[in-house]
Amino acid sequence: MWQYEKKLQYPVNIKNPDARMAKVIISQLGGPDGELAASLRYLNQRFAMPYGEVKGLLTDIGTEELAHVEMISAILYQLTKDLSIDEIKASGFDTYFVDHTTGIYPVAASGAPFTVEYFQSKGDIITDLHENMASEQKARTTYDNILRLADDPDVRDPIRFLRQREIVHFQRFGEPHRTG
Amino acid sequence: MDTERALLKKIMQYDFTLKELDLYLDTHPSCSRGLAMFAKFKKLREAAAAEYNDKFGPLVPEQSKNLRSWDWVSDPWPWERS
């Protein structure tokens, strides 16, 4: 079972709201290579894993991804807090606002709602580990793209932390392929 | 002395009691009876969890004590038949 800790894995403190940034960063919540898909991918796959080390890895990374869902949500919350209606209209955030106000709802940057089609659980250790390595690289690319679009150091700092975690997870998912 | 399964069952019962009290206290934050019950079961849970950790291994990774091997990844896992 799970226990919640009342803290973020890494701090998020964004002073300036920016609805346009929220519109792209939301893809790492509800998009094709986002943190929600990552968490569900690993926490589902672990039941088919035959080795304790990999059951542990999937449990631990799947749990960490839930903390990343929370960090992305905190970024979105802070980026969209205290916006004026004029700012919402000017930023293009109005298309999200009309359905969700500033509530957190998992969608891709395109507006497509989250779907479980974003991940696989194939019941095969080799297939699943390769899926996971590819997914971590796709998420890393998405964070690279966010860093190309974001100027605010308050936004870039937690995004860089999350990008780095994709690289560590990629590395760890490669290691169970070694034998002996 | 408790077997592994009996002790784990006891911890699960304490945890469920604490979860129920947690939810109740969320909406009744100044109920002194609820607060006292929470404190009582928290103590029981801590003692049972410490005993479990000493005898049978970690319930969370942070409890791993073995300096020769990472016993967090030891089988069985909770979803497996025992």
Side-chain angles (χ1 to χ4, degrees), chain A residues 1-10 38-70 116 119-126 128-129 132-133 165 168-180, chain B residues 4-27 29 35 37-39 41-53 55-82:
Chain A
M1 72 169 286
W2 272 263
Q3 195 82 21
Y4 179 71
E5 285 192 20
K6 199 177 176 180
K7 62 174 176 57
L8 296 180
Q9 188 187 18
Y10 185 91
S39 185
L40 294 174
R41 178 181 303 115
Y42 308 142
L43 294 180
N44 281 285
Q45 285 177 1
R46 64 197 184 123
F47 295 91
M49 278 297 152
Y51 303 111
E53 291 88 339
V54 194
K55 292 174 212 175
L57 193 62
L58 289 167
T59 301
D60 295 339
I61 298 181
T63 299
E64 185 183 352
E65 305 292 12
L66 284 175
H68 296 171
V69 168
E70 185 182 34
V116 288
F119 70 87
Q120 245 307 3
S121 174
K122 203 71 177 172
D124 179 301
I125 180 168
I126 300 298
D128 282 350
L129 285 171
N132 301 352
M133 292 171 75
R165 298 310 295 156
V168 172
H169 294 169
F170 171 80
Q171 182 67 25
R172 294 283 93 84
F173 281 130
E175 286 158 350
H177 290 96
R178 295 182 310 192
T179 54
Chain B
E4 196 255 344
R5 290 186 67 180
L7 188 54
L8 192 60
K9 195 173 166 191
K10 204 189 262 182
I11 294 168
M12 288 162 72
Q13 287 168 344
Y14 292 150
D15 277 343
F16 183 68
T17 307
L18 287 165
K19 173 56 73 179
E20 280 284 64
L21 287 164
D22 171 9
L23 301 188
Y24 169 78
L25 286 164
D26 286 349
T27 54
L35 291 164
M37 274 180 82
F38 191 91
F41 281 96
K42 182 170 160 272
K43 255 187 213 160
L44 292 168
R45 199 275 180 195
E46 280 169 357
E51 185 187 343
Y52 186 93
N53 188 22
K55 289 182 182 160
F56 307 114
L59 288 169
V60 292
E62 292 77 9
Q63 284 179 334
S64 289
K65 292 185 196 175
N66 188 335
L67 293 176
R68 292 179 309 280
S69 172
W70 182 238
D71 51 12
W72 168 240
V73 296
S74 302
D75 287 326
W77 285 74
W79 55 86
E80 290 159 343
R81 282 193 202 100
S82 50

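In the text below, chain A, chain B and the rest are named by the order of the sequence lines, each starting its count at 1. Just so you know, these numbers come straight off a predicted model, no measurement behind them.
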### Contacting region of B:P76 [heavy-atom separation from chain A under 4.5 Å]
neither
### Message
Within the supplied structure, the quantity of interest is the number of heavy atoms (other residues, nucleotides, ligands) at a distance under 6.0 Å from B:M37 CE; does it exceed 12?
### Response
no
### Message
Going by the rule side-chain contact (heavy atoms from CB on, under 4.5 Å), which residues pair with B:A6 if we only count those two or more places apart in sequence or in a different chain?
### Response
B:D2, B:T3
Give every donor-acceptor pair between chain B and chain A closer than 3.5 Å, one pair per line, or write none.
{"unit_1": "B:W72", "atom_1": "NE1", "unit_2": "A:D60", "atom_2": "OD1", "d": "3.2"}
{"unit_1": "B:W72", "atom_1": "NE1", "unit_2": "A:D60", "atom_2": "OD2", "d": "2.9"}
{"unit_1": "B:D75", "atom_1": "OD1", "unit_2": "A:K55", "atom_2": "NZ", "d": "2.7"}
{"unit_1": "B:E80", "atom_1": "OE2", "unit_2": "A:K55", "atom_2": "NZ", "d": "2.5"}

